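Notes for the one structure printed next.
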Amino acid sequence: MEKLKLMLPAFYSSCTDMVGRWEKLVSVERSCEIDAWVDLQNLTREVISRTAFGSSFEEGKRIFELQAEQAQLAIIALQSVYIPGWRFVPTKMNRRMKSIDKEVRALLMDIIRRREKAIREGEAAGDDLLGLLLESNMKENVGMSLHDVIEECKLFYIAGQETTSVLLVWTMVLLSVHSDWQARAREEVLQIFGSGKPDPDGLSHLKIVTMILNEVLRLYPPLTELWRKVPTETKLGKLTIPPEVQLLMPTLLIHHDKELWGEDAEEFKPERFAEGVSKATKNQVSFFPFGWGPRICIGQNFALIEAKMALSMILQQFTFELSPSYAHAPSNVLILQPRYGVQVILRKAN
Ligand code: HEM
């Protein structure tokens, strides 16, 4: 948590840039229509670039563009008919994917090597994710190879960005529809921060906002399922599962299960979480947007603080509602995202 606090300035800078852009748009006509999905994706990309690579932020951004293109190509590949070995055929797409991978590796390797050299020459490792990774690798002698560090950096990009932007975008959708909750959240934010900068202590006291984020994560979990492969024969209750079998935990189905959540399971009711997650779930494992067990998301506090900061700054400045051009089409392409974007009308609050 202490290390996370060091990242708050990066969160704040990126949120200030986005809110500043929106303010300019609103000041012309008093209201404006934006695609919140595009802007929130840019926001979370910037946050990861700043927090992962700090001073190498601009190079980090280039890596991001390449990773985003790679993700699009991977989605096309996933949606195509599966032909064993096809990925080795030098088609235009496969060649592009290979060259992206090469460029990303080269860029990352360059950033990592420069940072390692600086640390060896006595400079501080830095408070960004790369600095923390290299510091713990050197101190604890974990023995991560350069390849491992590159893979970890790539994972942060993939795991840390789209997930948080969809959490924010579905929150804007639901708060547009449930304007009473939008008003309650704004009231809480203004009570705690006024029009000032959100600080770590205040963020940890946001109760209504936390209830809302939990309910959004229940209804729209960014990752709708978890996969596990059973390495050896495993007993699970009355079942005996042979080795190599893949198991799927359907997060989305469990989060919407009426037996677990009641007849109103499909409804947006943040009050379920008024007394915390364990009361809402009656201590069952029925809410796991960040996974569960030893592989639980290591970025959950990061994501929640970022989401609270962004939402607070949006609520301080604007009211929002869905535009008539918005079409509700959640689409599960690796993560649960809005297929046609999220067009909202922004107005200056008060
Ligand atoms: C709302 C935002 C997020 C959601 C819903 C989310 C969800 C998840 C889930 C469900 C898993 C477990 C996957 C599995 O068990 O197969 C996971 C793992 C992971 N997440 Fe997140 N995540 C979010 C944000 C982040 C952020 C911001 C970061 C990094 C800064 C991050 C880094 C990771 C990493 C590195 C893992 C792999 C952990 C491991 O395998 O040990 N996540 N995440």
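Start at 1 and go down the list; that is how both ligands and their atoms are numbered. Keep in mind the model is a prediction, meaning the values are calculated, not measured.
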Residue pair S31 / V26, side-chain heavy-atom distance below 4.5 Å: no
Minimum side-chain heavy-atom gap Q182-I212 below 4.5 Å: no
Between S331 and Q337, is there a side-chain donor-acceptor contact under 3.5 Å, judged purely by atom types and distance? no
Between S14 and R50, do the side chains contain a donor N or O and an acceptor N or O under 3.5 Å apart? yes
Tell me the protein heavy atom at minimum distance from [atom], and give that distance in Å.
atom                    : value
atom 37 (C) of ligand 1 : L155 CD2, 4.3 Å
atom 13 (C) of ligand 1 : L226 CD2, 3.8 Å
atom 29 (C) of ligand 1 : F156 CD2, 3.6 Å
atom 41 (O) of ligand 1 : R295 NE, 2.9 Å
atom 34 (C) of ligand 1 : I298 CG1, 3.7 Å
atom 17 (C) of ligand 1 : C297 CB, 3.4 Å
atom 26 (C) of ligand 1 : G160 CA, 3.3 Å
atom 25 (C) of ligand 1 : A159 O, 3.4 Å

Out of V216, T164, L223, whose heavy atom sits nearest atom 9 (C) of ligand 1? L223
Examine ligand 1 and decide if any of its atoms is less than 4.0 Å from a heavy atom belonging to R228. yes
Transitive ILVMFWY side-chain link L190 to W181, under 4.5 Å: no
Tell me, with the steps shown, if R184 and D180 meet salt bridge (Lys or Arg N to Asp or Glu O under 4.0 Å). CA-CA 6 Å; R184 285 181 71 176; D180 50 335; over 6 Å; no
Could you tell me, atom by atom, which parts of ligand 1 come under 4.0 Å of a heavy atom of G291? 10 (C)
Heavy-atom contacts under 4.0 Å between [X] and ligand 1: side chain, backbone, both, or neither?
X    : value
T163 : both
F302 : side chain
P289 : backbone

When every non-hydrogen atom of G291 is compared with those of L226, the smallest separation belongs to CA-CD1, 3.8 Å
Close aromatic pair by centroid cut-off 6.0 Å: F268 and Y220: no
Can you classify the ring geometry of W261 versus F273 as parallel (below 30°), tilted (30 to 60°) or perpendicular (above 60°)? tilted
